[in-house]
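Please read the structure below before turning to the comments.
We use all heavy atoms of the structure for the numbers below, so side chains are in, but hydrogens, waters and symmetry mates are not. Along the sequence shown, the residues carry numbers beginning at 1. Computed from a predicted structure; not experimentally measured.
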Amino acid sequence: MRLVVFDVDGTLVDSQHLIVAAQAVAFAEVGLPAPERRIALSVVGLSLPQAFRRLVGEDGPVAELSEAYKNAYNRLRLDPEHEEPLFPGMGDLLDRLHARPDVVLGIATGKSRRGVDRLIEHYGWEDRFVTTQTADDAPSKPDPAMLLQAMEDAGTTPDSTVMIGDTTFDITMAVNAGVAPIGVAWGYHAPGTLLRAGAVSVVENALALEGLIGGGVA
């Protein structure tokens with residue numbers, strides 16, 4: 001049995017517009033200029049406190065920004081302008097992997113448990129994942145705790161587990177857990193940085209990802 005663990009934002013779901021908009025609101029509320037788009041997206045995947053520490057430093061208003069961001073995100077997500085669509089082919093890929101008898105699926109994300117539950121309900125994925133690890137359950141990536149717990153839940157080992165993600169945080173978490181990391185080229189960190197972080201490959205589309213998983217990369 002192989003466990004295939006997916007990151008969410010930037011890997012399964014294109015949430016960049018919502019993330020940038022929510023950050024802009026949060027920074028305005030604490031009286032600071034919002035970071036430019038590239039910088040805003042560079043911290044996607046970290047838990048909120050970790051992300052805002054990178055953006056404003058240890059002495060910045062990290063707690064205030066985290067709370068303001070959560071409130072803004074929950075408000076803005078109801079606006080159709082900030083829809084979070086799946087990346088091309090990823091929904092169908094999850095369907096096909098779920099149908100395979102030799103594969104089980106998991107999630108490891110910087111999203112909150114509430115956000116993940118909402119996403120799963122929205123897309124009808126209630127039966128898709130044997131394990132869902134969120135920012136509420138474990139230390140922030142790249143700590144390996146999420147993957148270690150995911151493997152325990154699924155009853156798998158590192159040599160039969162693979163992590164799919166779009167940031168160096170995902171890749172480094174996998175390396176720290178002894179798990180094979182695969183990067184995706186459509187997310188928020190450049191392919192070259194993913195390879196330098198330890199990705200065994202960076203794929204250009206969902207079909208290429210399915211082929212790599214089917215080839216037994218883990």
Side-chain angles (χ1 to χ4, degrees), residues 5-30 32-56 65-94 107-123 125 132 134-135 140-142 163-173 181-195 197 199 202-206 208-209:
V5 182
F6 288 89
D7 171 56
V8 175
D9 293 315
T11 301
L12 291 175
V13 175
D14 186 1
S15 50
Q16 59 179 308
H17 303 300
L18 178 53
I19 289 169
V20 171
Q23 278 197 27
V25 171
F27 273 86
E29 287 190 8
V30 301
L32 293 175
E36 62 178 271
R37 187 180 195 85
R38 177 181 61 84
I39 300 299
L41 294 176
S42 72
V43 298
V44 174
L46 297 173
S47 66
L48 289 182
Q50 287 279 87
F52 285 119
R53 284 190 192 100
R54 289 198 176 213
L55 295 178
V56 300
L65 281 167
S66 298
E67 187 63 24
Y69 176 88
K70 283 190 289 187
N71 292 335
Y73 189 98
N74 287 328
R75 184 171 68 253
L76 291 172
R77 71 177 180 82
L78 302 176
D79 185 343
E81 181 182 344
H82 298 296
E83 183 184 358
E84 298 178 281
L86 296 178
F87 283 104
M90 295 305 285
D92 291 339
L93 173 59
L94 290 180
I107 279 177
T109 177
K111 277 186 176 296
S112 67
R113 169 63 58 185
R114 178 183 177 187
V116 170
D117 289 346
R118 190 165 55 223
L119 182 78
I120 287 174
E121 180 181 4
H122 177 72
Y123 286 107
W125 288 344
T132 55
T134 76
S140 178
K141 301 172 184 178
M163 175 69 204
I164 316 296
D166 70 297
T167 70
T168 56
F169 314 128
D170 300 311
I171 303 305
T172 306
M173 175 178 65
I182 299 176
V184 299
W186 53 81
Y188 305 142
H189 288 186
T193 65
L194 302 181
L195 291 169
V202 177
V203 296
E204 296 290 336
N205 53 57
L209 177 56

Interatomic spacing from CG in L119 to OG1 in T132 - rounded to 0.5 Å: 11.0 Å
Using 30° and 60° as the class limits, which term best fits the ring planes of Y73 and Y69: parallel, tilted or perpendicular? tilted
Does F6 reach the side chain of L209, with side-chain heavy atoms less than 4.5 Å apart? yes
Measure the CZ-CZ distance between F27 and F52 for me, rounded to the nearest 0.5 Å. 5.5 Å
For A22 against A72, the heavy-atom pair lying closest together: O-CB, 3.9 Å
Verify, without hydrogens or angle tests, whether D170 (side chain) and T167 (backbone) share a donor-acceptor contact under 3.5 angstrom. yes
Does the plane of the ring in F87 sit parallel, tilted or perpendicular to the ring in W186? Use 30° and 60° as the thresholds. tilted
Any side-chain to backbone donor/acceptor pair from H189 onto S42? Under 3.5 Å, distance only. yes
Do the side chains of E84 and H17 get nearer than 4.5 Å, heavy atoms only? no
Heavy-atom pair with the smallest gap, counting every atom of A40 and V20: CB-CG2, 4.3 Å
Taking every heavy atom of A24 against every heavy atom of A34, the minimum-distance pair comes out as CA-CB, 3.9 Å
To the nearest 0.5 Å, tell me how far I107 CD1 sits from L94 CG. 8.0 Å
Any side-chain heavy atom of K70 sitting closer than 4.5 Å to one from S112? no
Rounded distance [0.5 Å steps], OG1 in T168 versus CD1 in I171: 8.0 Å
CZ/R118: more than 12 non-hydrogen atoms of other groups inside 6.0 Å: yes
Verdict with supporting geometry, L65 and R53, side chain to side chain contact (heavy atoms under 4.5 Å, CB included): CA-CA 10 Å; L65 281 167; R53 284 190 192 100; over 6 Å; no
Taking atom CZ of R114 as the centre, report whether more than 12 heavy atoms of other residues, nucleotides or ligands fall under 6.0 Å from it. no
Once salt bridge (Lys or Arg N to Asp or Glu O under 4.0 Å) is applied, what residue pairs with a partner in residues 7-30 remain, sequence neighbours excluded? D7-K141, D9-K111
Would you say R54 and L46 make side-chain contact, with heavy atoms under 4.5 Å? yes
Between G110 and A135, what is the shortest heavy-atom contact and its length? O-CB, 3.2 Å
May I ask you to decide if S47's main-chain N or O and S140's side chain share a donor-acceptor pair within less than 3.5 Å? yes
Quick note, salt bridge (Lys or Arg N to Asp or Glu O under 4.0 Å) partners involving residues 18-28, not counting sequence neighbours, are none
Taking side chain as C-beta onward, heavy atoms only, is V44 less than 4.5 Å from I19? yes
Please report the interatomic distance CE(M163) to OG1(T172), rounded to the nearest 0.5 Å. 11.0 Å
State, with a plain yes or no, whether a side-chain heavy atom of V25 is found less than 4.5 Å away from one of R75. yes
Residues passing the salt bridge (Lys or Arg N to Asp or Glu O under 4.0 Å) test with E36, sequence neighbours excluded, are R38
Atom CD1 of I164 and atom CE of M90: how far apart are they, to the nearest 0.5 Å? 7.5 Å
Note: W125 and L86 closest approach over all heavy atoms is CH2-CD2, 3.5 Å
